[in-house]
Amino acid sequence: MIDLRALRDDPDRLRASQRARGEDDAVADRLLDLDSRHRSALTRFESLRAEQKSAGRSVSSASPEEREPLLAAAKTLSSQVKEAEAEADRLAADLSGVLAEVPNIIEEGAPAGGVDDFTVLDKAGAPRELGFTPRDHLELGELLGAIDMDRGAKVSGARFYFLTGVGAMLELGLLNMAMQRAAANGFTPMIPPVLVKPETMGGTGFLGEHAPEVYHLPADDLYLVGTSEVPLAGYHANEILAADALPHRYIGWSPCFRREAGSYGKDTRGIIRVHQFNKAEMFVYTTAERAHEEHLRLLGWQREMLDLLELPYRVIDTAAGDLGTSAARKYDCEAWVPTQGAYRELTSTSNCTDFQARRLNIRYRDPEGKPRFATTLNGTLATTRWIVAILENHQQADGSVVLPEALRPFVGREVLEPVGAKG
RNA sequence: GGUGGAGUCGCAUAGUGGCCGAGUGCGCGCGCCUCGAAAGCGCGUGAAGGGAGACCUUCCGAGGGUUCAAAUCCCUCCUCCACCGCCA
């Protein structure tokens, strides 16, 4: 949710942001109009209410003979107050309805445009010269006895899979490595609930344009999270945090569930795009002043993981139209996938400014003791998808995969060897 | 799943329709006192919104309702505690 008072002072900021995102900039005027109508309705209600309260008090202190006319007047006021309140409530609902649709205002510097208008900020590590025809991650996964898509489909349907044997161990090792590194960097490890209430899901901004992506359990009115960002953002909802405790840095490990609606036919092979996967996610609460440098720090920790796993990747500055509802700025790291000849997203880090904090009512005390909305940031530190890049980039001609050194202690072996066909 | 009890200002508590427009204690802040401190005394001490301001409105777990008037009465829900049943 954006700041209405800031909008009153400078509506052009929202207009410019909307244009950069390729969205309607007239919402600014609709908001301003609703806002001023709401405020005058509110003022009317409040003064009537004040009058009613004093009228009520005069009834209680009146002598029996004065009582009757005072009571009649109070009754009249009471119905006027109800009416005025209903009008103010109606306008407040209209206003928050429009407000709920408005995405965050982009950070200065974010490239304008859509999905393909990103800026490449950096490239790291060159793709290996293989000297043989690379196998894709699924072929390798089957050869290594690590991935079983067929039985995933048998049990749960398309886009489900089993990680088997070394595949299971590889994922555990990878995620554990991420958790350990984050903990060493001062993050608090968290294993959060993955079913959340509507206000938590809505508060993080996922029930807007992303709503069709989200699994919903109608019997309990709970949502399955697509990332632990959701419960970690809800963790401090409706709290006022002590300023000297900031930043709060959490590293969450959770399964993530995504319906992948609208991506039919895309990435249907293997585990690149699946309905359920695991993820280690960094989540930070801090102040507006410190947010930008924290964002770069999150990116730094992501790059460190990718470097340790010896993966070639590039860093992109996502364009405004591809930021999603909550983010003001987003950097993605994309790893090289040899069989696709392309870079594919492995990490994403977003600065959500105070957008989520407003919806979830997360504040801290500034040095003057006044509550202010916090800034939230998040970033991937490892996911199941990383297995794709690890297998493909570190494969050998015989189908074995030599694990990067930093990962070995977490997986408990140096090389993943092909197993005989076992069905 | 069932039954009973509870949820009030940072914490603890008072409050069973109008004197609650929320008291008191602790904590915290400022001041007096003191060489300095403790004790003592005095003053202050939540959030949100509107207004240039004086000030006004809302918030007693959440949401509805009754009433001229609700922390207080009624309904629904949530959370916690206790017990019963079932269960990985």
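Numbered from 1 within each chain, the chains take letters A, B, ... in sequence-line order.
- For B:rU45, the paired base is B:rG27 (Watson-Crick or G-U wobble, both distances below 3.5 Å).
- Remark: B:rA54 base-pairs with no nucleotide in the shown strands. Criterion, Watson-Crick or G-U wobble with two distances under 3.5 Å.
- Side chain to side chain, A:Asp332 and A:Ser348 meet the donor-acceptor criterion of an N or O pair below 3.5 Å.
- Using C1' as the reference atom, B:rC35 and B:rC28 are 27 Å apart when rounded to the nearest Å.
- Note: CG (A:Leu222) to P (B:rC78) measures 11 Å, nearest angstrom.
- Remark: B:rG7 base-pairs with B:rC78; criterion is Watson-Crick or G-U wobble with both hydrogen-bond distances under 3.5 Å.
- Mapped onto RNA chain B by nearest heavy atom, A:Lys197 and A:Lys53 fall at different nucleotides, with A:Lys53 at the one closer to the 5' end.
- Base-pair partner of B:rA88: not found among the strands shown (Watson-Crick or G-U wobble, both distances under 3.5 Å).
- Base pairing of B:rC33 is not made with any nucleotide, judged by Watson-Crick or G-U wobble geometry with both donor-acceptor distances under 3.5 Å.
- Across all strands shown, B:rA71 has no partner, as no Watson-Crick or G-U wobble contact with both distances under 3.5 Å is found.
- Ion pairing between a basic and an acidic side chain is recognised when a charged N comes within 4.0 Å of a carboxylate O; A:Glu87 and A:Arg90 show such pairing.
- The separation between A:Asn238 atom CG and B:rC59 atom C1' is 13 Å, rounded to whole Å.
- Side-chain contact check for A:Ser228 and A:Lys279: no donor-acceptor pair (N or O, by modelled atom type) lies under 3.5 Å.
- A distance of about 24 Å separates the P atoms of B:rC60 and B:rC55, rounded to the whole Å.
- Taking a 6.0 Å sphere around CD of A:Gln396, one finds it holds more than 12 heavy atoms contributed by other residues, nucleotides or ligands.
- Ring-centre distance between A:Tyr331 and A:His295: below the 6.0 Å cut-off.
- Separating the C1' atom of B:rC73 from that of B:rG17 is a span of 8 Å, rounded to the nearest Å.
- Looking at residues two or more places apart in sequence or on another chain, you find a ring-ring contact (aromatic ring centres under 6.0 Å, His included) between A:Tyr235 and A:Tyr250.
- With both pairing distances under 3.5 Å, B:rC20 is matched to nothing as a Watson-Crick or G-U wobble pair.
- Between B:rC68 and B:rC9, the two C1' atoms lie 29 Å apart (nearest whole Å).
- Residues satisfying the ring-ring contact (aromatic ring centres under 6.0 Å, His included) criterion with A:His292, sequence neighbours excluded, are absent altogether.
- Comparing A:Phe45 and A:Asp35, the nucleotide of RNA chain B nearest to each residue sits closer to the 5' end for A:Asp35.
- A 3.5 Å limit on both hydrogen-bonding distances identifies B:rG2 as the Watson-Crick or G-U partner of B:rC83.
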Any protein N or O atoms within reach of nucleotides 69-76 of chain B? Criterion: under 3.5 Å, listing atom names and distances.
unit_1	atom_1	unit_2	atom_2	d
B:rA69	OP1	A:Gln52	NE2	3.4
B:rA69	OP1	A:Ser78	OG	3.2

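- Rounded to a whole angstrom, the distance from the C1' atom of B:rC80 to that of B:rG21 is 31 Å.
- Between A:His248 and A:His236, the angle of the ring planes lies from 30° to 60°, which puts this pair in the tilted group.
- Between B:rG2 and B:rU13, the two P atoms lie 30 Å apart (nearest whole Å).
- With sequence neighbours excluded, no residue forms a ring-ring contact (aromatic ring centres under 6.0 Å, His included) with A:Tyr313.
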Pick out the pairs of N or O atoms, protein on one side and nucleotides 44-49 of chain B on the other, that lie under 3.5 Å.
unit_1	atom_1	unit_2	atom_2	d
B:rA47	OP1	A:Arg365	NH1	3.4
B:rA47	O3'	A:Arg363	NH1	2.9
B:rA47	O2'	A:Arg363	NH1	3.3
B:rA48	OP1	A:Arg363	NH1	3.4
B:rG49	OP1	A:Arg5	NH2	3.0
B:rG49	OP2	A:Arg5	NH2	3.2
B:rG49	N2	A:Glu46	OE1	3.2
B:rG49	N2	A:Glu46	OE2	3.3

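- Going from the C1' atom of B:rA62 to that of B:rA71 covers 15 Å, rounded to whole Å.
- If you take atom C1' in B:rG29 and the same atom in B:rC83, they sit 46 Å apart, rounded to whole Å.
- Partners of A:Arg408 according to the side-chain contact (heavy atoms from CB on, under 4.5 Å) rule, which considers only residues two or more places apart in sequence or in another chain, are A:Val402, A:Leu403, A:Glu405, A:Glu414.
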